[in-house]
Amino acid sequence: MTETSLIGFSRGEQTSSTFRAVDPKTGSELGTEYSHSSEGDVQRSCELAQLSCLPMASLSGQKKAEFLRLLADRLDGAVDSIVEIMTVETGLPEARVRGETGRTSGQLRMFADLLVDGSWVDARIDRADPGRLPLPKPDLRAMLRPIGPVAVFCASNFPLAFSVAGGDTASAWAAGCPVIVKAHHAHPGTALLVGKLIVQSLEESGLPEGAFSLLFGEGRIVGQALVTHSVIKAVGFTGSRSGGRALFDLASQRKEPIPVFAEMSSINPIFLLPELNMDEMENIADGLFASATLGGGQFCTNPGIVFYPNNGDGEIFRDSYAEKMKDYPPVAMLHQGIRESYAKGIEEMVKQKGVEVLALSDLSEEGNGGCDAGTCVLNTSIECFLKNPQLTTEVFGPTTLLVSYEDKEDLLRVAREMEGQLTASFFGHKEMLSSHENLLDLMETRAGRLLFNQFPTGVEVCESIVHGGPYPATTDSRSTSVGTGAILRFARPVCYQGFPDEFLPEELREENPGGIKRKEG
Ligand code: NAP
């Protein structure tokens, strides 16, 4: 049997071009065959999305929230089936799959709560003043409205939370946008299972058919056809810098350029300030080990680089961390492509002048599935680091570059040269922060989230989280892809001047029936 795309509430065409998922633990192809979406599938999904634009935009917050909650319940109810397929397609352990299912349904419920509250639309009201001199003031009212159909690319490292019903999709729906998802080739079965739950939930909630389609196929064909289709008005992406950048460039070159919110590469620097003592250094080595190996090091917030003081306590940290990493057994990475980039990335790094290998698993040991990868710890001096931009390249996986520094000025030089990051973490004593103010100020211009005495890997899903940052962490430093703020990517402000009350959106009417918070001038 060959599975096909989901185009609204129907199935896509069966084409001669097919693929199968591969179990990263065994290397064997899984039974189900998936048909790459045809040009007609892309066209039909875009037409349906276009047809559903106005009905989606006119849905009340309550109605959208009902749908999001229903889908969240269905996801939780299907967790056993999700575990069955996702563990095989990704090699991820059952506990992680259950946890990610909960995170995904939790995100849907978080957006449902946001919609019921309603104040996210940022309503602003300036009432008319006909007597104002020298000119009368008109009545002006503004709020956020949906941007239009959104193309979402599934992430390989979050097959649920950043895939079919993940954060990009949930925030786009919450804003009132139809969504067309391009599945990741590594986990099509997981994508289809979730896609079917979405279709059932849409039908039961009475939402328009074009609110969702799911396409299978290569990024360079199906993904690019989607991003260049005139119906698409924004893109959500998590993956490699080359993939995100290619889509950003394509979207900018369209007759009508559109925003691309791509979350790409970050080495998440950690700065160990000079005052830490031996015990504290040992504790940091423990915490860093847990952080760098979580999920096989395949998190975008994985700490890839640590600056430590070149003194006795710093050496304790370095040696203790390298020892722990040496003992960590290889794990299957998510797919062959990630495993290959990991091995290539390490090979490049160890070739660099002044780089010393402190721990390195045998790169030729790939396990039966060809995807196994072990840890790597490299060490270099601040001078070598600053001379060689190659050392700031993200190597996606359980690897860390340790860089010894001499003084405060070295850290400032690093910060001045640093590319955009998702996170930057500082370890030290509260009392000493004031003597590193310049470092904090500089890193604030480079990262989306600053942490003090904490590791960056875990990303809390909440109101105040920022999962974003200057390029190349993302293609739009004003955005976050996690938390309630993610909705803002898929909405745009619209101003209504001089309209009678009954023709205004409910949120801007005098009586304010939803009781939302508004800025009134
Ligand atoms: P990827 O290669 O960027 O692929 C992500 C998605 O984008 C896939 O659906 C892919 O299609 C599509 N795509 C890639 N290049 C494209 C292009 N030029 N035009 C159109 N679509 C394109 O990422 P991945 O497969 O998840 O992992 C590969 C590498 O990405 C990793 O080794 C790692 O370096 C990086 N990565 C980073 C993060 C992060 O959060 N920083 C997360 C995951 C991965 P196909 O299905 O055809 O491949």
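Predicted model only: the values in this text are computed from it and were never measured. In each ligand, atom 1 is the first atom listed, and ligand 1 is the first ligand listed. Numbers here are sequence positions counted from 1.
- With a heavy-atom cut-off of 4.0 Å, Ser156 touches ligand 1 through backbone and side chain alike.
- In terms of polar-atom proximity, Glu263 is counted as a contact of ligand 1, with an N or O under 3.5 Å from an N or O of the ligand.
- Less than 6.0 angstrom separates the ring centroid of Tyr328 from the ring centroid of Phe289.
- Ligand 1 places these atoms under 4.0 Å from at least one heavy atom of His335: 24 (P), 25 (O), 27 (O).
- Aromatic rings of Phe19 and Tyr34 (six-membered ring for Trp) have centroids within the 6.0 Å cut-off, being under it.
- Within 6.0 Å of atom CD in Glu84, 12 or fewer heavy atoms from other residues, nucleotides or ligands are found, so the atom counts as exposed in its surroundings.
- For atom 4 (O) of ligand 1, the closest non-hydrogen atom on the protein side is His184 NE2, 4.1 Å.
- Comparing Phe162, Phe153, Tyr342 against atom 12 (C) of ligand 1, the shortest heavy-atom distance belongs to Phe153.
- Formation of a donor-acceptor pair under 3.5 Å by the Arg96 side chain with backbone atoms of Gly295 is not found in this model.
- Residue, atom and distance of the protein heavy atom nearest to atom 34 (O) of ligand 1 are Phe396 CB, 3.4 Å.
- Side-chain contact check for Thr301 and Asn268: no donor-acceptor pair (N or O, by modelled atom type) lies under 3.5 Å.
- Using a 4.0 Å heavy-atom cutoff, Arg241 is absent from the residues neighbouring ligand 1.
- With no hydrogens or angles considered, a side-chain donor-acceptor pair links Glu33 and Thr2 at under 3.5 Å.
- Of the protein's non-hydrogen atoms, Gly219 O, 3.0 Å is the one closest to atom 20 (C) of ligand 1.
- For Ser5, the side-chain hydrogen bond (donor to acceptor under 3.5 Å, both in side chains) criterion is met by Ser37, not counting sequence neighbours.
- For atom 37 (C) of ligand 1, the nearest protein heavy atom (residue, atom name, distance) is Gly239 O, 3.2 Å.
- Nearest protein neighbour of atom 19 (N) of ligand 1, counting heavy atoms only, is Gln224 NE2, 2.9 Å.
- Under the 4.5 Å side-chain criterion, counting only non-hydrogen atoms from C-beta, Leu358 is not in contact with Lys326.
- Only the backbone of Met264 comes within 4.0 Å of ligand 1, counting heavy atoms alone; no side-chain atom from C-beta on gets that close.
- Nearest to atom 28 (C) of ligand 1 among the protein's heavy atoms is Ile338 CG1, 4.0 Å.
- Between the Asn302 side chain and the Phe396 main chain, no donor and acceptor come within less than 3.5 Å of each other.
- Taking any N or O of Ser266, backbone or side chain, none lies under 3.5 Å from an N or O belonging to ligand 1.
- Protein heavy atom at the shortest distance from atom 10 (C) of ligand 1 is Lys182 NZ, 4.2 Å.
- Which parts of ligand 1 touch Ser341 is read off a 4.0 Å heavy-atom cut-off, strictly below it: atoms 32 (O).
- The shortest contact between atom 18 (N) of ligand 1 and any protein heavy atom is with Ala246 CB, 3.5 Å.
- Between atom 1 (P) of ligand 1 and the options Ser240, Gly243, Gly345, the minimum heavy-atom separation is to Ser240.
- Under a 4.0 Å criterion applied to the non-hydrogen atoms of Glu394, ligand 1 contributes the atoms 41 (N).
- Put simply, the side chain of Pro159 reaches to within 4.5 Å of the side chain of Leu92, judged on heavy atoms.
- Heavy atoms of Leu247 found under 4.0 angstrom from ligand 1 belong exclusively to the side chain.
- No heavy atom of Gln298 sits closer than 4.0 Å to any atom of ligand 1.
- Within the 4.0 Å heavy-atom shell around ligand 1 one finds Phe237.
- Ring-centre distance between Trp173 and Phe111: not below the 6.0 Å cut-off.
- Between Phe261 and Phe490, a ring centre-to-centre spacing shorter than 6.0 Å is recorded.
- By the 4.0 Å N-to-carboxylate-O rule, Asp476 lies close enough to Arg478 to be salt-bridged with it.
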